[in-house]
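What you see is a predicted model, and the numbers here were worked out from it, not measured in a lab.
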Amino acid sequence: MDDHVQGTTVEFNGSRRFDGIAALEAYWMSVRGNRTVPLRADIDPRGIESALEFSFIAERVTAGVVRFRLAGSQLNELMGMDVRGMPITSLFGPGSRGELVEAIEGVFEGPEVLEVALESPAGPGREALGAQMIVMPLKSDLGDISRAIGCFPTRGAIGRAPRRFEIAGRLERRPLSSEAAPLIRRRPAPRPQPIAGFAEEAPDFDAKDAAPRNSAERPYLKLVRDDD
């Protein structure tokens, strides 16, 4: 019996999925074919042009430590800086970080597909910002499941960066097995709010080297290859 992703739907958290989520999942499933997990080398940015600005490639460095290798311009705007080399936990607030780290670990250990509804609360210079995230596993050239591809679209004005997100609705972990049932938990859904590429690899993030992003800059789309 072929493995498949269970629970795939055009809706998530009681509403339509945000732009980019369904497109990236459909592309991942197409390159996956009848395998449990596709190779990182199978991913071609030209296949996901509509989702590039929201998308990322991440690497699991060790248990509980996952870093961005490539990221679209939307993620850079959310953090106010280039996120390449930064831990994925930098996007999350302390109230949800532990649960999200455990769920992201499941992407590599399960393997599983993770999909979660998030919200960044309002504050000085910013309004509440809704988000959805999907993370799907990839194999490295060595055959280990140490890479992941994901999408992180938001709804609402980004406002003052950095933005950090908490779990605000449904968190679903879908095992890549025809026999395993998905694990789903729900929290009160955020109020939906309009939606605001991949770049070359950078060395590991060092906070002292980070320069604030000019808020007047506009996001751009750039297609590249990452042959890690």
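A heavy-atom distance below 4.5 Å is found between the side chains of Leu114 and Met133.
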**Derivation and outcome, salt bridge (charged side-chain N to carboxylate O under 4.0 Å, His left out), residues Glu172 and Arg174** = CA-CA 6 Å; Glu172 181 171 320; Arg174 303 196 292 269; 3.3 Å; yes
**Asked** Going through the distances and angles, do Glu77 and Arg163 end up as a salt bridge (charged side-chain N to carboxylate O under 4.0 Å, His left out)?
**Response** CA-CA 9 Å; Glu77 289 201 343; Arg163 300 301 300 255; over 6 Å; no
**Item:** Worked check of salt bridge (charged side-chain N to carboxylate O under 4.0 Å, His left out) between Arg60 and Glu109
**Value:** CA-CA 11 Å; Arg60 185 193 193 210; Glu109 289 290 336; 2.8 Å; yes
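Note on Val101: it does not cluster hydrophobically with Ile88, by side-chain heavy-atom contacts below 4.5 Å among ILVMFWY residues. Cluster annotation: Val31 is connected to Val113 through the hydrophobic network of ILVMFWY side chains, with a link wherever side-chain heavy atoms come within less than 4.5 Å.
In the model, Gln74 has a side-chain atom that pairs as donor or acceptor with a side-chain atom of Thr154 under 3.5 Å.
With a 4.5 Å cut-off between side-chain heavy atoms of Ile, Leu, Val, Met, Phe, Trp and Tyr, the cluster of Leu39 takes in none.
To the nearest 0.5 Å, atom CG of residue Leu100 and atom OG1 of residue Thr89 are 10.0 Å apart. Here Ile21 contributes atom CD1 and Phe54 contributes atom CZ; the two are 9.5 Å apart, rounded to the nearest 0.5 Å.
The aromatic rings of Phe92 and Phe152 are tilted relative to each other, their planes meeting at an angle between 30° and 60°.
With Arg173 as reference, Glu112 is the one residue of Glu112, Glu115, Glu105 to meet the salt bridge (Lys or Arg N to Asp or Glu O under 4.0 Å) rule.
Among residues two or more places apart in sequence or in another chain, the side chain to side chain contact (heavy atoms under 4.5 Å, CB included) test is passed with Val37 by Pro111, Pro137, Lys139, Ile145, Leu176.
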